[in-house]
Amino acid sequence: YGELPMASTWVDYCYNEWVSRLPGLNTDGGWHNGDSYFQVNLRTLIEVPAFYSRISGFDFFADPWYNNNAFYVIYQQPPFSKSAGQGNSHESKLKPNGTRVGYADALARECNNPWAAAYVRTILQKEPDIMEKTFFGKSGDLTWYRCITKKALPKEGPTLAELPMAKVFNETGIGTMNTSLGDIDKNAMLSFRSSSYGSTSHALANQNAFNTFYGGKAIFYSREKIIALLSQDNTLGATALAQQRGYSDESGRTRADIDK
């Protein structure tokens, strides 16, 4: 910047792209595309605003989405638990990995968020080297962020057992209920989705659907179907009905026509 004439255009584009579309589509902290595609964006969600904050002096983490997102991280995938589901490729998230823990660590530092810090400490107690295991991960590792940040992890405070057992992200349209966030081995969890975002982007057509878990493992869990209308074999649908995606076969028949 200041050396190449076009650099000011690049800076203008990158900055306005961020402030107009990110970090989230709303303020409740949810990610309507589901956990898999949430994790694809973790490095961007930390490194870009950290860089902008550093060069501008403005705290980009002051956006309410970030502190609320700490709850999304916790409730959608409690420590040592399979993802609550929802969204393309969610079934691959068997338990929080190093990238997710590293992201929670960064959230705790940038937002001074005690709940994100509690999430990190809970997992590190059993898996102290978990953040090292994703150093070469495709979705990105935040080791460099941890090397250069001057912000410390908040001092030990409340535990996850002190959180409410249920959390609803109203704008995103997802919610989870638990019985024991402080002891995942004894935790019964139910996740639910009814979202105004529908099946857009990497979201699935699983409107009004439940997933159930015990001890961090799935009991009744969705099988990913992207182009088909949801049925009872995909998740436990509240009405056995969901919604169509924009699908038609080569003759132009829609999914509704085919199902007839």
Side-chain angles (χ1 to χ4, degrees), residues 18 22-24 26-31 35 38-54 56-81 83-84 93 95-135 137 139-167 169 172 174 176 178 180-184 187 216:
W18 180 267
L22 293 156
N26 49 52
T27 60
D28 72 3
W31 197 266
D35 254 8
F38 170 59
Q39 294 203 182
V40 168
N41 291 276
L42 294 186
R43 186 176 177 185
T44 300
L45 286 168
I46 294 297
E47 290 188 345
V48 172
F51 173 71
Y52 285 168
S53 297
R54 187 167 68 250
S56 70
F58 177 82
D59 183 10
F60 281 79
F61 290 96
D63 188 305
W65 185 88
Y66 276 104
N67 265 308
N68 289 331
N69 183 246
F71 295 118
Y72 175 87
V73 170
I74 296 166
Y75 282 96
Q76 280 297 112
Q77 195 170 30
F80 320 113
S81 178
S83 166
K93 305 306 173 188
K95 67 176 184 176
N97 61 16
T99 302
R100 190 184 190 91
V101 178
Y103 174 80
D105 174 269
L107 268 187
R109 295 171 189 268
E110 292 292 341
C111 301
N112 195 35
N113 189 292
W115 303 112
Y119 183 82
V120 172
R121 289 191 172 103
T122 299
I123 294 173
L124 290 182
Q125 284 177 359
K126 289 187 177 181
E127 299 184 50
D129 61 343
I130 189 170
M131 286 191 278
E132 300 172 12
K133 294 179 180 179
T134 53
F135 188 74
S139 58
D141 179 81
L142 287 164
T143 299
W144 179 245
Y145 164 83
R146 292 191 294 275
C147 286
I148 65 173
T149 185
K150 296 180 180 179
K151 297 184 178 181
L153 197 68
K155 293 181 180 179
E156 194 160 351
T159 66
L160 299 184
E162 298 172 59
L163 281 170
M165 290 296 103
K167 177 67 176 176
F169 299 87
T172 303
I174 56 175
T176 61
N178 299 269
S180 181
L181 280 172
D183 186 355
I184 296 301
N187 186 44

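Worth saying up front: this structure is predicted, and the values here are computed from it rather than measured. Every heavy atom of this structure was used, including side-chain atoms; hydrogens, water molecules and symmetry mates were not.
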Practice task
Check for a donor-acceptor pair, side chain of Thr27 on one end and backbone N or O of Pro64 on the other, with a separation under 3.5 Å.
Solution key: no
Fill in the blank from the handout: Taking every heavy atom of Tyr52 against every heavy atom of Ser56, the minimum-distance pair comes out as O-OG, 2.6 Å
Practice task
Report yes if the side chains of Gln76 and Arg100 come closer than 4.5 Å at any heavy-atom pair, otherwise no.
Solution key: yes
Practice task
Kindly give the heavy-atom pair with the smallest separation between Trp65 and Trp31, and that separation in Å.
Solution key: CZ2-CE3, 3.7 Å
Problem - Aromatic contact, Phe71 with Phe169 (centres under 6.0 Å) - result: no
Handout entry: Polar contact flag, side-chain donor to acceptor under 3.5 angstrom, Tyr103-Asn69
Key = yes
Practice task
Could you tell me whether the side chain of Leu160 reaches within less than 4.5 Å of the side chain of Pro79, counting heavy atoms only?
Solution key: yes
Practice task
Check whether any side-chain N or O of Thr149 sits under 3.5 Å from a backbone N or O of Tyr145 as a donor-acceptor pair, and report yes or no.
Solution key: no
Problem - Listed partners of Glu162 passing salt bridge (charged side-chain N to carboxylate O under 4.0 Å, His left out), at least two apart - result: none
Handout entry: Results of side-chain contact (heavy atoms from CB on, under 4.5 Å) for Thr143 - residues two or more places apart only
Key = Phe135, Asp141, Arg146, Cys147
Practice task
For Thr172, check side-chain hydrogen bond (donor to acceptor under 3.5 Å, both in side chains) against everything at least two apart and list the hits.
Solution key: Asn26, Asp28
Problem - Residues forming a side-chain hydrogen bond (donor to acceptor under 3.5 Å, both in side chains) with Tyr75, sequence neighbours excluded - result: none
Problem - Partner residues of Ala108 under the side-chain contact (heavy atoms from CB on, under 4.5 Å) criterion, sequence neighbours left out - result: Ala116, Ala117, Leu153, Pro154
Exercise for the section: Please report the C-alpha distance between Asn113 and Tyr119 in whole Å, then the side-chain angles of each, then the deciding distance to 0.1 Å, and finally whether the side-chain hydrogen bond (donor to acceptor under 3.5 Å, both in side chains) criterion is met. Expected result: CA-CA 10 Å; Asn113 189 292; Tyr119 183 82; over 6 Å; no
Exercise for the section: Measure the spacing between CZ of Phe80 and CG of Asn187 and express it to the nearest 0.5 Å. Expected result: 12.5 Å
Completion exercise
Output for pair (Leu181 CG, Asn178 CG), nearest 0.5 Å, gives 4.0 Å
Practice task
Just grab all the salt bridge (Lys or Arg N to Asp or Glu O under 4.0 Å) pairs involving residues 116-127, residues at least two apart or on different chains.
Solution key: Lys95-Glu127
Practice task
Could you list the residues that satisfy side-chain hydrogen bond (donor to acceptor under 3.5 Å, both in side chains) with Tyr66, not counting sequence neighbours?
Solution key: none
Problem - Which residues share a side-chain hydrogen bond (donor to acceptor under 3.5 Å, both in side chains) with Asp63, sequence neighbours left out - result: none
Handout entry: Residue pairs passing the salt bridge (Lys or Arg N to Asp or Glu O under 4.0 Å) test where at least one lies in residues 106-116, sequence neighbours excluded
Key = Asp105-Arg109, Glu110-Lys151
Exercise for the section: For Phe38 and Val73, run side-chain contact (heavy atoms from CB on, under 4.5 Å): C-alpha distance rounded to whole Å, both residues' side-chain angles, the deciding distance at 0.1 Å, then the answer. Expected result: CA-CA 10 Å; Phe38 170 59; Val73 170; 4.0 Å; yes
Exercise for the section: Output the distance between atom CG (Leu42) and atom CG (Leu142), rounded to the nearest 0.5 Å. Expected result: 7.5 Å
Practice task
Check whether any side-chain N or O of Ser81 sits under 3.5 Å from a backbone N or O of Gln77 as a donor-acceptor pair, and report yes or no.
Solution key: no
